[in-house]
Amino acid sequence: MALVTAFGATACGEDGGSGTGEGEVEVFTWWAQGSEKEGLDALVAVFEDQNPDLTFVNGAVAGGAGSDAKNVLASRLQTNDPPGTFQAHAGAELTDYIEQGDIEPLTDTYAEQGWDQLFPPGLLERIQQDGEYYSVPSNIHRANVVWANPAVLEEAGVDPNAEYADLDAWIADLERIHEAGITPLSIAMDWTQVHLLETVLIADLGPDAYNGLWDGTTDWAGAEVTTALEHYETLLGFTNSDRQSLDWPDATQQVIDGDAAFNVMGDWAEAAFASQDKVFGTDYLTFPVPGTDGVFDFLADSFTLPVGAPNPDATRAWLDTVASAEGQEAFNSAKGSIPANLEADTSGLGDYQQTAVESFAQDTIVSSLAHGAAASVSWLTDITAAISEFGSGGDVASLQEDLVATAESQLAE
């Protein structure tokens with residue numbers, strides 16, 4: 001999908017930065033299709049109801065996990081052409097934007113609006129950078145989720161109700177599915193492979209050692225990481241051969257259609273599975289990635305105030321809607337995530353989302369690598385390059401050497 005036409009002359013004209021609360025706000029996201037677009041549309045409807053004098057401009061750029069959007073955004077920021085606001089994953093992903101002076105701190109706004117009381121402490125802790133808040137979260141997502149088609153499992157002679165204590169137990173059933181001539185585990189392009197890797201690291205290292213990967217207290221050259229990479233290699237061997245030509249909706253659709261048994265994906269996949277179940281009666285199962293039960297692999301979509309935003313008042317109006325209970329109820333109902341706002345009503349959310357609300361409240365929380373919470377954009381880029389090379393025929397030893405080298409480089413900065 002091509003980039004929707006960005007701000008025209010009006011956005012930079014007399015309305016821009018006027019402080020009147022009128023004019024346009026370009027909202028730059030990667031929510032261009034599927035449940036993500038449905039969530040954005042729901043949020044926009046609330047925004048337009050709350051701000052009838054403002055015009056929403058859709059700056060969405062399609063691409064898995066925002067990879068294409070981030071490239072377009074980087075070019076615009078470098079040429080001093082920021083949108084009114086842009087989507088970013090809360091957490092370490094913001095580091096590069098902060099250091100480059102691309103976004104304004106919002107700490108005073110948090111205090112003025114009471115947002116520091118509306119969001120849970122576990123979330124606030126993860127979106128702070130050096131004591132400052134730089135974005136407003138619209139939701140809370142869980143990344144360590146397995147999606148399964150029970151009919152496919154039964155066809156392969158695997159118990160749909162099986163519980164897996166660890167990755168080895170799960171791999172044993174993946175082997176049975178493979179022997180039955182069915183794709184055991186669907187996956188897509190590089191970022192979804194990084195997503196799978198992070199869940200394997202959590203499973204084999206545990207939450208404390210996984211967290212230590214990002215602050216240097218866990219050795220990337222250690223034996224536990226080697227074991228995780230070996231498990232990752234095994235899992236990748238059970239995946240579809242066309243993975244590089246697919247994005248995440250294609251991979252989840254393979255499970256929905258019965259062409260694959262399992263998929264590891266964040267809970268933004270919930271809307272796709274739930275809609276298929278409602279329309280076609282396609283049943284599905286979810287459970288934490290084996291070895292990660294009791295761990296909530298966290299990420300949050302959020303919105304920023306760019307330095308030089310054409311109309312800061314309009315941007316702040318958008319941020320108000322994003323933070324509001326009404327906005328978060330509408331958005332998360334469509335997107336499959338759960339509200340960050342503690343005052344939002346979650347009673348109408350689906351069965352899966354109810355389990356996510358409970359899990360976030362009681363599980364150990366870790367930050368997602370693939371979705372910007374654990375590592376900076378530059379670090380994630382380096383890891384993605386290493387995973388891409390590995391997927392093209394690399395070996396575990398070389399992959400681990402690459403991961404060690406990029407960690408040493410990033411932690412030395």
Side-chain angles (χ1 to χ4, degrees), residues 35 64 141-204 228 230-277 280 282-293 295 297 336 351-352 355-356 359 368 370 387 391:
S35 59
H141 270 303
R142 187 177 194 177
N144 58 318
V145 185
V146 177
W147 306 84
N149 187 317
V152 173
L153 297 179
E154 290 176 350
E155 179 184 348
V158 171
D159 182 5
N161 298 313
E163 296 182 1
Y164 304 105
D166 53 28
L167 290 173
D168 287 327
W170 190 37
I171 287 169
D173 269 358
L174 294 176
E175 181 62 44
R176 293 186 186 95
I177 297 166
H178 175 70
E179 291 172 354
I182 301 168
T183 299
L185 181 64
S186 67
I187 203 167
M189 61 176 63
D190 293 338
W191 76 263
T192 71
Q193 297 163 40
V194 176
H195 182 120
L196 176 63
L197 173 64
E198 82 179 47
T199 66
V200 172
L201 289 168
I202 297 167
D204 281 335
E230 290 171 346
H231 273 143
Y232 172 73
E233 180 181 40
T234 299
L235 291 173
L236 200 64
F238 288 120
T239 63
N240 43 297
S241 60
D242 62 347
R243 55 184 177 262
Q244 288 303 128
S245 65
L246 306 180
D247 204 347
W248 76 266
D250 308 306
T252 57
Q253 193 64 41
Q254 288 188 358
V255 177
I256 293 169
D257 291 342
D259 297 325
F262 295 107
N263 176 252
V264 174
M265 188 46 56
D267 53 16
W268 46 92
E270 161 67 10
F273 279 94
S275 64
Q276 294 284 334
D277 185 17
F280 300 109
T282 304
D283 199 9
Y284 65 101
L285 303 171
T286 67
F287 53 87
V289 171
T292 70
D293 193 20
V295 179
D297 186 13
D351 292 343
Y352 165 76
T355 68
S359 295
S368 169
I387 289 298

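Computed from heavy atoms alone, side chains included, the values below leave out hydrogens, waters and symmetry copies. Everything numeric here is computed off the predicted structure, so don't read it as measured data. Positions are given from 1, in the same order as the sequence printed here.
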Interatomic spacing from CG in Asn149 to CG in Asp283 - rounded to 0.5 Å: 8.0 Å
Quick one: closest heavy-atom pair of Pro288 and Arg142, and the distance? CG-NH2, 4.0 Å
Any donor-acceptor N/O pair, Thr239 side chain to Leu235 backbone, under 3.5 Å: no
Using the side chain to side chain contact (heavy atoms under 4.5 Å, CB included) criterion, which residues pair with Glu175? Sequence neighbours excluded. His178, Glu179, Phe238
Between the side chain of Asp250 and the main-chain N/O of Asp247, is any donor-acceptor distance below 3.5 Å? yes
Check: Asp159 and Leu153 side chains under 4.5 Å, non-hydrogen atoms: no
Going by atom types only, do Asp267 and Tyr352 share a side-chain donor-acceptor pair under 3.5 Å? yes
Just verifying a value: how many Å separate Ile187 CD1 and Gln254 CD, rounded to the nearest 0.5 Å? 11.0 Å
Answer yes or no: is there a side-chain heavy-atom contact under 4.5 Å between His195 and Met265? yes
With sequence neighbours excluded, residues passing side chain to side chain donor-acceptor pair (under 3.5 Å) with Gln244: Asp190, Gln193
So, do Phe287 and Trp147 have ring centers that fall under 6.0 Å from each other? no
Side-chain (Glu198) to main-chain (Ala370) donor-acceptor, under 3.5 angstrom: yes
Closest heavy-atom contact between Ile177 and Pro184? CG2-CA, 3.7 Å
Give the minimum heavy-atom separation between Ala143 and Thr199, together with the two atoms involved. O-CG2, 4.3 Å
Tightest non-hydrogen contact, residues Leu201 and Ala228, listed as CD2-CB, 3.8 Å
Test of understanding: with side chain to side chain donor-acceptor pair (under 3.5 Å), list the residues that count as partners of Asn263, not counting sequence neighbours. Ser186
How far apart are the C-alpha atoms of His231 and Asp168, what are their side-chain angles, what is the distance that settles it, and do they pass the side chain to side chain donor-acceptor pair (under 3.5 Å) test? CA-CA 8 Å; His231 273 143; Asp168 287 327; 2.8 Å; yes
Within the structure provided, determine whether Tyr284 and Ile256 are in side-chain contact (heavy-atom separation under 4.5 Å). no
Any donor and acceptor pair, going by atom type alone, linking the side chain of Asn144 with main-chain N or O of Val295 inside 3.5 Å? yes
Give the ring-plane orientation class for Phe262 versus Tyr164, where under 30° counts as parallel, over 60° as perpendicular and anything between as tilted. perpendicular
A side-chain contact here means heavy atoms from C-beta on lying under 4.5 Å apart; do Leu196 and Leu185 qualify? yes
Run the numbers on Thr183 and Asn240 for side chain to side chain donor-acceptor pair (under 3.5 Å), then give the verdict. CA-CA 6 Å; Thr183 299; Asn240 43 297; over 6 Å; no
Between the side chain of Asp242 and the main-chain N/O of Ser245, is any donor-acceptor distance below 3.5 Å? no
Scanning both residues in full, the closest heavy-atom pair of Gly391 with Leu236 reads CA-CD2, 4.4 Å
Side chain to side chain contact (heavy atoms under 4.5 Å, CB included) with Val289: which of Val200, Leu167, Ile202, Val145? Leu167
Could you tell me if the side chain of Val146 sits less than 4.5 Å from the side chain of Pro290, heavy atoms only? yes
What distance do Asp351 atom CG and Glu270 atom CD have between them, rounded to the nearest 0.5 Å? 8.0 Å
Ignoring hydrogens and angles, tell me if any N or O in the side chain of Ser275 forms a donor-acceptor pair with the backbone of Ala271 under 3.5 Å. yes
Tell me whether the rings of Trp268 and Trp191 are parallel (<30°), tilted (30 to 60°) or perpendicular (>60°). tilted
Are Pro150 and Leu285 close enough that some pair of their side-chain heavy atoms sits under 4.5 Å apart? yes
